[in-house]
Amino acid sequence: MLKPIYTLLLIFLFGSCIKEVGGLQDIPEELVLQCYISPSDTVISAVLSKATSFAITEIPYKELFVQDAKITISNGVQEKQLTFNPNKNFYEFKVSDEFKIEKGKTYALKAIAGNGKVLTSSCTVPVKSVSAGDIIVDKLFRGSDFVDVRLKWPNSPIGYYVLRPYFYYSVSQFKDLPTAHTVQFLDGVTDHKDDITSNYFTNNLVTNQRKNVIFLYVADVNFYTYAKSVQLNDNNQSDPFAQPVNAKTNVNGGFGCFGAYNVTRVDLEY
């Protein structure tokens, strides 16, 4: 089994063939490419890092990231190169009117490492998104320490949905860092007759609350499948008898995920 390096690019991430990462590899090292795009992006970010077999000695953190690669993104007409940011250990490109992420368009990502290894992938940005008015917040759920986030299920659901709430603690030393709570993954194929609910504990909503933020992603199958597999794997960390969950990949020539989504943000007031 491989040990991929998951790096948070946003928050939370297959137009091409979906594959599953699994099995002890004979080769000592592979590359992992991660990039998630949305029409709301101001900067496109991509991480190219190393992954090794569990049989191989762990790579020191400073050596995890590949810094000498050429990474480009294309919309079929134009191609733009991302520049490596040594302070953040990822490649980036500033979005402009000349090149931006648009709904319904397909984008191709290509990375050429310094050793000549080539990784490629593609994804299509979903056309649909969810209105902020369709997200309902019930602030009286099980007292002052819980919040019940409900989503009206669309009449004609298409695509994949990820509901992710964040909570900021005002009295914590980590007050500027969000804490993610119950994440819901829902596909448009299943008939959800009732509202979707994501419940999360806030640890005394009245005194500790600083601000709550709800993100609802309408995702392509790449982002949805990869994010769900990572979430399921994280949920198993405290259970030594849990069945391992292998990450999904849609990157050719290596591992990782290139996915797209439309995101709706709702800031909650109390």
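Everything numeric here is computed off the predicted structure, so don't read it as measured data. FYI, the numbering just counts along the sequence from 1.
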| Minimum heavy-atom separation for Cys123 to Ala260, with atom names? | SG-CB, 3.9 Å

| Asp68 and Val66: side-chain contact (heavy atoms from CB on, under 4.5 Å), yes or no, with the steps? | CA-CA 6 Å; Asp68 61 349; Val66 179; 3.3 Å; yes

| Can you name the residues that form a side chain to side chain contact (heavy atoms under 4.5 Å, CB included) with Gln67, not counting sequence neighbours? | Phe84

| message | Do Thr120 and Val118 make a side-chain contact, defined as non-hydrogen atoms from C-beta onward lying under 4.5 Å apart? | response | yes

| query | Looking at SG of Cys35 and CD1 of Ile71, how far apart are the two atoms once the value is rounded to the nearest 0.5 Å? | reply | 8.0 Å

| request: Using the side chain to side chain contact (heavy atoms under 4.5 Å, CB included) rule, pick out the option among Tyr261, Tyr107, Phe223 that qualifies with Ile37. | output: Tyr107

| field | Donor-acceptor side-chain pairing of Ser74 and Lys80 below 3.5 angstrom | value | no

| said: With a 3.5 Å distance limit and no angle check, can you tell me whether Lys110 reaches the backbone of Leu119 through a side-chain donor-acceptor pair? | reply: no

| query | Judged by modelled atom types alone, do Tyr226 and Gln34 share a side-chain donor-acceptor pair under 3.5 Å? | reply | yes

| request: Please check if the side chain of Thr264 supplies one atom and the backbone of Ala132 the other of a donor-acceptor pair under 3.5 Å. | output: no

| remark: For Phe185 and Tyr224 the tightest heavy-atom approach is C-OH, 3.5 Å

| query | How many angstroms lie between NZ in Lys50 and CD in Glu30, if you round to the nearest 0.5 Å? | reply | 13.0 Å

| request: Check the hydrophobic clustering (I, L, V, M, F, W, Y; side-chain heavy atoms under 4.5 Å; chains of links allowed) and say if Leu186 and Val218 are grouped together. | output: yes

| said: What's the separation between atom CZ in Phe90 and atom CG in Leu82, rounded to the nearest 0.5 Å? | reply: 10.0 Å

| task | Would you mind reporting whether Leu31 and Leu48 have side-chain heavy atoms less than 4.5 Å apart? | result | yes

| message | Treating Lys94 as the side-chain partner and Thr42 as the backbone partner, does any N or O pair qualify as donor plus acceptor under 3.5 Å? | response | no

| Residues in salt bridge (Lys or Arg N to Asp or Glu O under 4.0 Å) contact with Glu102, at least two apart in sequence or another chain | Lys105

| request: Mark yes or no for whether Thr249, through its side chain, and Gly256, through its backbone, hold a donor-acceptor pair below 3.5 Å. | output: yes

| query | Should Val47 and Phe65 count as side-chain neighbours, where that means a heavy-atom distance under 4.5 Å? | reply | yes

| request: Check whether any side-chain heavy atom of Lys128 sits under 4.5 Å from a side-chain heavy atom of Lys103, and report yes or no. | output: no

| task | State whether the side chain of Tyr91 and the backbone N or O of Ala69 hold a donor-acceptor pair below 3.5 Å, judged by distance alone. | result | yes

| note | Contacts of Phe93 meeting ring pair (Phe, Tyr, Trp, His ring centres under 6.0 Å) (sequence neighbours excluded), chain-then-number -> Phe99

| message | Using 0.5 Å steps for rounding, measure from the CD atom of Gln81 to the OG1 atom of Thr72. | response | 7.0 Å

| Side chain to side chain, Tyr161 and Asp187, heavy atoms closer than 4.5 Å | no

| message | Main chain of Ala219, side chain of Asn262: is a donor-acceptor contact present, judged purely on distance under 3.5 Å? | response | no

| query | Roughly how far, to the nearest 0.5 Å, is OH of Tyr217 from CZ of Arg265? | reply | 10.0 Å

| Value rounded to 0.5 Å, distance of CD1 in Ile44 from OG in Ser38 | 10.5 Å

| Contact summary for Ala111 and Leu33, nearest pair of heavy atoms | CB-CD2, 4.2 Å

